[in-house]
Amino acid sequence: MENNLFVYNTLSRKKELFEPLNPPLVGMYVCGPTVYGDAHLGHARPAITFDLVFRYLQHLGYKVRYIRNITDVGHLENDADEGEDKIAKKARLEQLEPMEVAQYFSDRYHDNMDALNVKHPSIEPRASGHIIEQMELVQKILDAGYAYEANGSVYFDVEKYNKTYHYGKLSGRVLEDLMANTRELEGQDEKRNSFDFALWKKAQPEHIMRWHSPWSEGFPGWHLECSAMSARYLGERFDIHGGGMDLLFPHHESEIAQSQAANGIEPVKYWLHNNMITINGQKMGKSLGNFIKLDEFFKGSNASLTQAYSPMTIRFFILQAHYRSPLDFSNEALQAAEKGLKRLLQGMETLQKLQPSATSTSDISQLQSKCYEAMNDDFNSPILIANLFEGVRIINSVNDKKESITAEDLALLKKLFADFVTDILGLINETSSGEQNKLIDELMDVILLLRQNARANKDFGTSDKIRDELAKISISVKDTKEGAVWNME
RNA sequence: GGUCUCGUGGCCGAGUGGCUAGGCGCCGGUCUGCAAAACCGUUGACAGCGGUUCGAAUCCGCUCGAGACCUCCA
């Protein structure tokens, strides 16, 4: 197993050589979705980013346990001052059981992820299924003296923690600055300091999701689940923790504090953060209301979209930017991605038909090295893709007899594309199977035969008429060297 | 206001001191009854000003502009 992989660690703000704690095992935890609404484009980025990480680590031979949680409790509505649970609120509004809502949106999330060819994580734990672990963690932090109880709620004592440890080491914050700049909100009298965060929250009477605990009938704080579930499945210290940059503070900072306070151990070796997707230069987010749902992309059913974009186009669009760079949405950019992806996948099809020669005009082995170099440099998928396009150019040139390739190099090139395009980038051809359209296929064969006869007789009026009429019902006909091909738009 | 990040050709997007990024578009060509598609090739940039250096998109300073976080908000 080669070990030249460098990853950018938010904790050190540097690229570091990736050395797992217990090779060949790797533990990776990524913050998953809160299931109270449909997934939008922003949700696709961490999912695809860490899918890439997961796939590449596996490709390198690591045995990865990848945990991505489902948050179905504990996140509180920010515009509801009562501290009402997002899931519970939606449930009451729609007269559903909270778990019904969570199940519904979990299923829809999974459908979206499958469409995007995102691999399933090894374990997908739910916060609601780990209330006991979370209560145990609260108790450990209380026992260690880094939390206090107030009126049935338990809060983390950030100031005390900061005397021994450093609250802010991940996000680069200094507690004194936080003290000076944190807004004082109403109804926070229970807290000793405004930046203290809830570990356990006493439920208001109208709050549906609640559990018995030593402190009150209530629910766990929103940072707690990740600490509890990562420890449960990966241990008190593990290799990789991922998530969006917007979670850096306070969520991930607080995760470190909770684990450190409870166990005295720094929980994560490498912190990886993906950047945001923006729309008109602004973060695409639920709270801003400027998001476009993934389903809307797939169907083209949103006023901001000039057309539908396939899941693979979305995937390619995201992979064409480095995960730590912001990525701006636009129809033009997506259309460019759509065409680029098509070129890449068609090149891959052409590759399967190439005939070998006695000599090679290109250095395939070097191209392969460049692909690994790109991925080893903090998962640089845009560079990888640029290298793959160089491969496409070679493929097409060989196909045009302008260049040549030996049987050995051809085999290597096929392996290169199978490894990097299919396995690592997870890009697959989504053209329809056509199984259910057998009748249409046969009808089209008849129509195209008639058209071909007309063309053979130089009766172009008839052949063009057929093509024009088919175009009216969204069937395009193109004459290629291998004969006419058709597509339903 | 505080902390941090960023500003690359028509569009998207890599690149952190000298060596072609790449994709889309444009333009030229091949192919073709025509069209489309496909393929090949070319063009074109480093926000502004100043500094360091033999040499800067890349380092430093300032100016202008944008974004993220600072809330029990993915």
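All chains are named by letter (A, B, ...) in the order of the sequence lines, taking the proteins before the strands, and each is independently numbered beginning at 1. Computation of the quantities below employed the complete heavy-atom set of this structure, encompassing side-chain atoms and omitting hydrogens, waters and symmetry-equivalent molecules.
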Sugar-phosphate only, base, or nothing, as touched by A/R393 at under 4.0 Å among non-hydrogen atoms | sugar-phosphate
Between atom CE in A/M245 and atom P in B/G67, what is the gap in whole Å?
-> 17 Å
Looking at the rings of A/Y372 and A/F420, which for Trp means the six-membered one, are their centres under 6.0 Å apart?
-> yes
Please report, rounded to the nearest Å, how far the P atom of B/A35 is from the CG atom of A/D479.
-> 12 Å
Do the numbers put A/K201 on top of the ring of A/F219, so that NZ or CZ is under 6.0 Å from the six-membered ring centre and no more than 45° off the axis?
-> no
Earlier contact from the 5' end, RNA chain B, for A/H40 and A/A321 = A/A321
Using a 4.0 Å heavy-atom cut-off across all strands, classify A/N380 as base, sugar-phosphate, or nothing.
-> sugar-phosphate
What does A/G168 touch in the nucleic acid at a heavy-atom separation under 4.0 angstrom: a base, only the sugar-phosphate, or nothing?
-> nothing
Go through the structure and list residues passing side chain to side chain donor-acceptor pair (under 3.5 Å) with A/N331, not counting sequence neighbours.
-> A/T306, A/Y309
Would you state whether a donor and an acceptor, one from the side chain of A/R467 and one from the base of B/A36, lie under 3.5 Å apart?
-> no
Compare the ring of A/F389 with the six-membered ring in the base of B/G23 and state whether they stack (centres under 5.5 Å, planes under 30°).
-> no
Give one of base, sugar-phosphate or nothing for A/N396, where a contact means two heavy atoms less than 4.0 Å apart.
-> sugar-phosphate
May I have the distance from A/N275 (atom CG) to B/G7 (atom P), rounded to whole angstrom?
-> 12 Å
Would you mind classifying the nucleic acid contact of A/M276 as base, sugar-phosphate or nothing, using non-hydrogen atoms under 4.0 angstrom?
-> base
Touch check for A/D328, heavy atoms < 4.0 angstrom, all strands: base, sugar-phosphate only, or nothing?
-> sugar-phosphate
Have a look at A/K402 and say if it touches a base, only the backbone sugar-phosphate, or nothing, with a 4.0 Å heavy-atom cut-off.
-> sugar-phosphate
Counting any heavy atom closer than 4.0 Å, what does A/R343 reach on the DNA or RNA strands: base, sugar-phosphate only, or nothing?
-> sugar-phosphate
Sugar-phosphate, base or nothing in reach of A/T278, heavy atoms under 4.0 Å | nothing
Sugar-phosphate, base or nothing in reach of A/L248, heavy atoms under 4.0 Å | nothing
What nucleic acid atoms does A/A198 come within less than 4.0 Å of, heavy atoms only: base, sugar-phosphate, or nothing?
-> nothing
Would you mind classifying the nucleic acid contact of A/P33 as base, sugar-phosphate or nothing, using non-hydrogen atoms under 4.0 angstrom?
-> nothing
Is the distance between the ring centroids of A/F197 and A/H223 less than 6.0 Å?
-> yes
Looking for any heavy atom pair under 4.0 Å, which part of the strands does A/L334 touch: base, sugar-phosphate only, or nothing?
-> nothing
